[in-house]
There are 2 protein chains.
Amino acid sequence: MFSKVLISDDLGSINQGVRTVLDGLGITNVTQVQYCDDAYLKIKSAYQNAEPFHLLITDLSFKSDHRAQRYASGEDLVKQLKQEYPDLKVIVYSVEDRLQKVRTLIQTHKADAYVCKGRNGLKEIDAAINTVYGGGIYISQQVEHALSSNSNLEINDYDIELLQQLSNGLSQDEISNFLKSNAIAPSSLSSVEKHLNKLRIQFKANNAIHLVAIVKDLGLI
Amino acid sequence: MFSKVLISDDLGSINQGVRTVLDGLGITNVTQVQYCDDAYLKIKSAYQNAEPFHLLITDLSFKSDHRAQRYASGEDLVKQLKQEYPDLKVIVYSVEDRLQKVRTLIQTHKADAYVCKGRNGLKEIDAAINTVYGGGIYISQQVEHALSSNSNLEINDYDIELLQQLSNGLSQDEISNFLKSNAIAPSSLSSVEKHLNKLRIQFKANNAIHLVAIVKDLGLI
DNA sequence: CAAAACCTTACGGAAATCCGTAAGGTCTTA
DNA sequence: TAAGACCTTACGGATTTCCGTAAGGTTTTG
């Protein structure tokens, strides 16, 4: 079993619950932090001292306060850590249950587990730790279809960018110019129209307003 | 000090933290529930047995699961309870920091405190309990300007309705027809345009898409 | 390689939006 | 009651979105 674990979560009370689970698994070398930057520094220095952490359990959303942070979210933290220390196992523990988030964390950033905070959260943390220790990937039941299903996986970063800019108030013409100046292809007004039209059909939206409302509800932007 | 308290929060681990605070205040008669409906029933039956709860500390968002619930959110719960039992003190304890939510809870539903979950959440819970016990209203610092300021309080139900329908994908023409068929005045296309234009200016939105994105972020719809 | 499939881009027209102006109605106030 | 403020409604034009069609380029496939 893991012997050295770091918990990162800005709500102290949740840390307590996770710690209880770790106790139950006989894991006593547990460190807690409340800021992403602290998590990064702890892991880095432990690694340099040849006493690396084996597992990180982290939340995604951290309330910002007066302390300026390099890593504003758990996602940024996971991304960086997994690049730098691929051997470090990472369990994400979040209330966030949007499929796109799960997908990004697991597939892109290579997190090892995604556990939704909820009534059974701590039980799932237990299961996740065991699965991850065995080299597996654990995903909460309520979001497990994020990976498998043939759901809206075919929307890509380009589409997200379009939707993002649209929701920022840019006209389609302005989006076209934005893409040109950022060397993103395709950039013609016609292409912007085509892609947004495709998205409208995909999400069964009546118009661009409806589309933005829908994807915001879905948490895609 | 309060002697009989109910905590309602679907994440067991958070309950633990709040319970610690209550312990520190010498409050030992504490009950916990994980569903809004349970909270309602407990309070109702305690009242009927002439042993009413004095204080409810509740979350707003509850994950839905297999159990069908009459009260889907903490907001519904607070609304109902405060109507039925005005003497019951209510502290809302939520990660939600949108001003409109705070306003509705405090002004419309008459909650006694609004505490944002965060790094200092438990300290604030402590302060809130003391303030509320003294008959006051407590609001977390980060959202306290929700009430005082002269902010966008002048947007009314009619505006919300327009924004709602707009985000549902109706064109302005369709909204006009919708208003006519529901006998809501004013209903002309021109008026719909005017009001939406006013809202665009108010929220500094470039266009209708931008407007919907903004008010969705603000939690107005 | 050639055909097919796909994508990008351009263009044009219908519809919707954005944004003035103006007329008429309602409410407030002196 | 009369003037003023405010609101609703109508209308017209500029701009933007919506939605086809078509030409040219790139990628896939046999």
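FYI, side chains are in, hydrogens and waters are out, and symmetry mates aren't considered; it's all heavy atoms of this structure. Order of the sequence lines fixes the chain letters, A, B, ..., with proteins taken first and strands second; residue numbering starts at 1 for each chain.
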Measure from [atom1] on [X] to [atom2] on [N] and round the result to the nearest Å.
| X | N | atom1 | atom2 | answer |
| --- | --- | --- | --- | --- |
| B/Ile201 | C/dT17 | CD1 | P | 17 Å |
| B/Ile175 | C/dA15 | CD1 | C1' | 16 Å |
| B/Leu199 | C/dT17 | CG | P | 15 Å |

Return each pair, listed once, that meets salt bridge (charged side-chain N to carboxylate O under 4.0 Å, His left out) where at least one residue sits in [range]; pairs must be two or more places apart or across chains.
| range | result |
| --- | --- |
| residues 207-221 of chain A | A/Lys216-B/Asp217, A/Asp217-B/Lys216 |
| residues 167-177 of chain A | none |
| residues 73-83 of chain B | B/Glu75-B/Lys101, B/Lys82-B/Asp112 |

Legend entry - Side-chain N,O (B/His195) to OP1/OP2 (D/dT8) below 4.0 Å: yes

Legend entry - Sequence-distant partners of A/Gln165, side-chain hydrogen bond (donor to acceptor under 3.5 Å, both in side chains), two or more places apart: A/Glu161

Inset, instruction - Identify, with sequence neighbours excluded, every residue that meets side-chain hydrogen bond (donor to acceptor under 3.5 Å, both in side chains) alongside A/Asp38. - result: A/Arg67

Legend entry - Of all pairs that satisfy side-chain hydrogen bond (donor to acceptor under 3.5 Å, both in side chains), the ones with a partner from residues 178-188 of chain B, not counting sequence neighbours: B/Ser176-B/Lys180, B/Ser188-B/Ser191

Legend entry - Bend angle of the helix from C/dC1-D/dG30 to C/dA30-D/dT1, end axes from five pairs each (to 10°): 30°

Inset, instruction - Applying salt bridge (charged side-chain N to carboxylate O under 4.0 Å, His left out), name anything that partners A/Glu96, two or more places apart in sequence or on another chain. - result: A/Arg98

Legend entry - Sugar-phosphate or base contact per nucleotide [nucleotides 9-20 of chain D; S, B, -; heavy atom under 4.0 Å]: BBB-----SBB-

Inset, instruction - Look up atom CD1 in A/Ile137 and atom CD1 in A/Ile91, then write down how far apart they are to the nearest 0.5 Å. - result: 11.5 Å

